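None of these values were measured; they are calculated from a predicted model. All values below come from the heavy atoms of this structure, side chains included, with hydrogens, waters and symmetry mates left out. Whatever order the structure lists them in is the order used to number ligands and atoms, beginning at 1.
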Amino acid sequence: MSDRGCSHLDDVTSVKQPEVRECAECVKTGAQWVHLRTCQQCGATLCCDSSPNQHATKHAHASGHPVIASAQPGERWLYCYSDGTLCQY
Ligand SMILES: [Zn+2]
Ligand SMILES: [Zn+2]
Ligand SMILES: [Zn+2]
């Protein structure tokens with residue numbers, strides 16, 4: 001795959017799926033989340049930008065892991081924070 005628009009998305013050969021459908025950080029504090037995203041580098045499943053705590057975005061910036069996949073059933077897309085690129089898979 002070389003048409004995804006950024007090298008980070010090109011590096012994803014098989015998309016990591018969430019092990020559990022919950023935000024690992026929100027469950028610690030009892031916070032609510034809206035949608036879930038799975039980090040494609042370490043597999044962490046965290047909450048989206050519509051959620052109050054935006055853990056997936058915080059994780060991407062803190063860890064330098066730029067690529068997430070939607071962890072929502074039926075959604076098949078990847079997003080690179082570094083380049084702002086989105087692709088379906
Ligand atoms: Zn990228
Ligand atoms: Zn969260
Ligand atoms: Zn990560």
**Asked** What N/O/S atom of His65 gets nearest to the Zn ion (ligand 3)?
**Response** ND1
**Item:** Apex the Zn ion (ligand 3); atoms Cys39 SG and His59 NE2; angle rounded to 10 degrees
**Value:** 110°
**Request:** Just to the nearest 10 degrees, tell me the angle at the Zn ion (ligand 1) spanned by Cys80 SG and Asp83 OD2.
**Result:** 110°
**Request:** Grab the two heavy atoms, one from Val34 and one from Cys48, that are nearest each other, plus how far apart they are.
**Result:** CB-SG, 4.2 Å
**Request:** Return the minimal non-hydrogen interatomic distance between Gly5 and Thr85, and the atom names on each side.
**Result:** O-CG2, 3.9 Å
**Message:** Over 60° means perpendicular and under 30° means parallel, so tell me whether Tyr81 and His61 are parallel, tilted or perpendicular.
**Reply:** tilted
**Fill in**
For the Zn ion (ligand 2), the nearest N/O/S atom on His55 is atom ND1
**Asked** So do Arg37 and Glu75 actually touch side chain to side chain, heavy atoms under 4.5 Å?
**Response** yes
**Message:** Looking only at N, O or S atoms in His8, which is nearest to the Zn ion (ligand 1)?
**Reply:** ND1
**Request:** Can you tell me, to 10 degrees, how wide the angle at the Zn ion (ligand 2) is between SG on Cys47 and SG on Cys26?
**Result:** 110°
**Hphob cluster co-occupancy, Tyr89 + Tyr79, side-chain heavy atoms under 4.5 angstrom** = no
